[in-house]
Amino acid sequence: MKNQIFLLALICTNLIGYGQTYFVSVKNSLYYQNTGGASYCFRSNPASVPSVAGFLRLEDKNGIVLQNTDGDFTLNTRPAKFIENSGSCRWIEGSNRGSTYSLGGYTFTIPENQNAYYEVKTFQIAAPSAIYFETIDNSPKELNCNGGTVISAPSVVPSSDIIEWEYSINSTVGVVNNSQNKQSITISLNSFQVNLRDNIGKTIFFRFKMNNGIQSSFKGYKIVSCSPDFHSINKTDTTCNYTTDGGFKLNVKRNLNSGEELVITLYDANNNALVGQEFTTSLLNNGGGNYGYLWTGNLDGGNYSVKYQSHNGSGGINPNDSSWNSLNSVGTFEVKKPQSVNFSITNSSDENCFEINDGYIDISASREPGRGLFFQLTKDGTVQIFNGTNWVNYTGANPNDNGFNSFTSTTTTRINKLGKGTYRVKVRDAQKCYMRNNN
């Protein structure tokens, strides 16, 4: 069972305000290239004089300018349009001496309802221009850093443009191992030069770097405690074949910390259907350094599996969340149903003479091995008492059975010394389980 370290997502930003914020990076060199066309500036010709009148501009959907310089910044308003004008140049030689030529530009609209956006354009008279923005999400998230949990760049960012991922902790910046040209990275203990378990309560930051000079903003994740290691499952079978009072206790190898909640989700192992979810902030002390949680719901017989994790907070975790796919998972365990109690009247005899009381009833019965059998006799509607009890040990054919022979599941007994009357027989086992049609 793997240890789990969970990261609570925070956003690192110097901007404090209300509503949504956006991290934006805009890069453009406005470098004029020699395209060979007469209407463009020829950088190879010393006499060519390119202008520096180009500009970059971000606007909102109403055309209001949000930013008119390149660089990295944050905005309170979602950008809706990106405009670039690459300026103009003057031709100073030949028949067209003195003429001014426009170098063109482009405008594109940023699609709405996207949390992140990335665009790069290469056109004839300029090197690639790029804009990248992401919605800064201040809602807390929990990430599994032991495997199966990923941190991703926006889907519009091609992996070929990502140089590598970096992390920062304790004022030290390092490169995430094997993160080159990857659109997403898996958080795992061996990805970093520091031990995350030694930094519980601290914050680790991540960002990705791109080959055009763009790097994303740092996002911080608070390192919280590992989920407790699994110790064992104590399961309880149903009392009777027809009852649904089974259960289990999940045992782990440490107690919960203050403010830590353990979330347990139970599945039907046969079809992976959700049975239920329970959560707690306190555990039973089992002694010997392990602690347990007793499932409160009743269970029918069947095969079950458990997934669990702890986190700082309350209220449980969505059992359909894909992050559960790699969390602490307990192997399948079975809640069993005992063998049902069955019996039949195999033989009976009336009394031979008036008031001689030599009639009898032979009973053949079966039950769960190891459980005693008892019978109850009713004569003409009145329960009969034998040796002060109305439930009599079913000693059976084996005189050493005494109703508790763990190796015998089927046995026969004779109820004798019966006089004339109408009799009814009930049979149950030591757990008070009856033949269903004989309750």
Item checked: Expected output: side-chain N170 to main-chain T172 donor-acceptor under 3.5 Å -> no

Any non-hydrogen side-chain atom of Y434 less than 4.5 Å from a side-chain atom of V427?
no

Just by distance, with hydrogens left out, do D245 and T238 show a side-chain donor and acceptor under 3.5 Å apart?
no

> Taking C-beta and beyond as the side chain, do K253 and P228 meet within less than 4.5 Å on heavy atoms?
Replying inline: no

Decide yes or no on salt bridge (charged side-chain N to carboxylate O under 4.0 Å, His left out) for D429 and R367, but give the supporting numbers first. CA-CA 7 Å; D429 66 14; R367 85 291 195 194; over 6 Å; no

**Prompt:** Are side-chain N/O atoms of T69 and Q67 paired as donor and acceptor at under 3.5 Å?
**Reply:** yes

Checklist line | Criterion side chain to side chain contact (heavy atoms under 4.5 Å, CB included) on Y308 and V263, from CA distance to verdict | finding: CA-CA 5 Å; Y308 73 90; V263 183; over 6 Å; no

### Query
Within the side chain of N290, is there an N or O that forms a donor-acceptor pair under 3.5 Å with the backbone of G287?
yes

Check your understanding: Is the closest side-chain heavy-atom distance between F206 and I185 below 4.5 Å?
Key -> yes

**Prompt:** Do F333 and F248 have their ring centres less than 6.0 Å from each other?
**Reply:** yes

Separation between CG (N255) and CG (N285), nearest 0.5 Å, reads 7.0 Å

Check your understanding: Are L377 and V383 close enough, and set up right, to give a side chain to side chain contact (heavy atoms under 4.5 Å, CB included), and what steps lead you there?
Key -> CA-CA 6 Å; L377 184 67; V383 175; over 6 Å; no

Looking at I64, is its backbone amide N or carbonyl O close enough to the side chain of E59 to form a donor-acceptor pair, meaning the two atoms are under 3.5 Å apart? no

Heavy-atom closest pair (Y167 atom, I204 atom, distance to 0.1 Å) is CD1-CD1, 3.9 Å

*Distance only, no hydrogens: is a donor on one side chain within 3.5 Å (strictly under) of an acceptor on the other, for T346 and D362?*
no

For V24 and P79, the nearest pair of non-hydrogen atoms, with its separation, is CG2-CG, 4.5 Å

Item checked: Heavy-atom side-chain proximity of W165 to I151 below 4.5 angstrom -> yes

Discussion item. Tell me whether K307 forms a cation-pi arrangement with Y267, defined as NZ or CZ under 6.0 Å from the six-membered ring centre and within 45 degrees of its axis.
Written reply: yes

ask   = Any side-chain heavy atom of N181 sitting closer than 4.5 Å to one from I163?
value = no

Contacts of T296 meeting side-chain hydrogen bond (donor to acceptor under 3.5 Å, both in side chains) (sequence neighbours excluded), chain-then-number -> E278

TODO: Answer whether the closest heavy-atom distance between the side chains of V306 and W295 falls below 4.5 Å.
DONE: no

Check your understanding: For residues E260 and S310, is any side-chain donor paired with an opposing acceptor at under 3.5 Å?
Key -> yes

Residues passing the side-chain hydrogen bond (donor to acceptor under 3.5 Å, both in side chains) test with N270, sequence neighbours excluded, are N303

| Between T21 and N76, is a side chain to side chain donor-acceptor pair (under 3.5 Å) present by the stated rule, with each step listed? | CA-CA 5 Å; T21 55; N76 288 324; 5.8 Å; no

Margin query: In the structure I gave you, are the side-chain heavy atoms of F375 and I415 within less than 4.5 Å of one another anywhere?
Written below: yes

Quick note, disulfide bond (SG atoms under 2.5 Å apart) partners involving residues 230-263, not counting sequence neighbours, are C240-C433

Looking only at heavy atoms, the pair that brings T382 and Q384 closest together is O-NE2, 2.9 Å

Decide side chain to side chain contact (heavy atoms under 4.5 Å, CB included) for I345 and I363; before the verdict, give the C-alpha distance in whole Å, the side-chain angles of both, and the deciding distance to 0.1 Å.
-> CA-CA 5 Å; I345 305 298; I363 308 170; 4.1 Å; yes

Where do F82 and T107 land on the side chain to side chain contact (heavy atoms under 4.5 Å, CB included) test, with the steps shown first?
CA-CA 6 Å; F82 177 64; T107 299; over 6 Å; no

Any donor-acceptor pair under 3.5 Å from E166 side chain to R207 backbone
no

On a heavy-atom basis, the closest approach of Q339 and P369 is OE1-CD, 3.8 Å

Any donor-acceptor pair under 3.5 Å linking the side chain of Y293 with the backbone of V252? no

(request) Please say whether the positively charged group of R428, taken as NZ for Lys or CZ for Arg, lies over the ring of W391, i.e. under 6.0 angstrom from the six-membered ring centre and within 45 degrees of the axis. (result) yes

**Message:** Tell me whether S168 contacts the main-chain N or O of V173 through its side chain, where contact means a donor paired with an acceptor under 3.5 Å.
**Reply:** no

Check: Should F279 and I264 count as side-chain neighbours, where that means a heavy-atom distance under 4.5 Å?
Finding: no

Contacts satisfying salt bridge (Lys or Arg N to Asp or Glu O under 4.0 Å) that involve residues 332-343 (not counting sequence neighbours) are D300-K337

Residues S179 and V176: closest non-hydrogen pair is OG-O, 2.7 Å

For residues Q431 and T239, is any side-chain donor paired with an opposing acceptor at under 3.5 Å?
no

Tightest non-hydrogen contact, residues V335 and G246, listed as CG1-CA, 4.0 Å

_Could you go through S340 and N342, starting from their C-alpha distance and side-chain angles, then the distance that decides it, and tell me whether this counts as side chain to side chain donor-acceptor pair (under 3.5 Å)?_
CA-CA 6 Å; S340 60; N342 292 289; 3.1 Å; yes

CG (L58) and CZ (F133) are apart, to the nearest 0.5 Å, by 9.5 Å

side-chain contact (heavy atoms from CB on, under 4.5 Å) filter on K249, not counting sequence neighbours, yields N234, N251, L284, N286, L294

Applying salt bridge (charged side-chain N to carboxylate O under 4.0 Å, His left out) to D60 and not counting sequence neighbours gives none

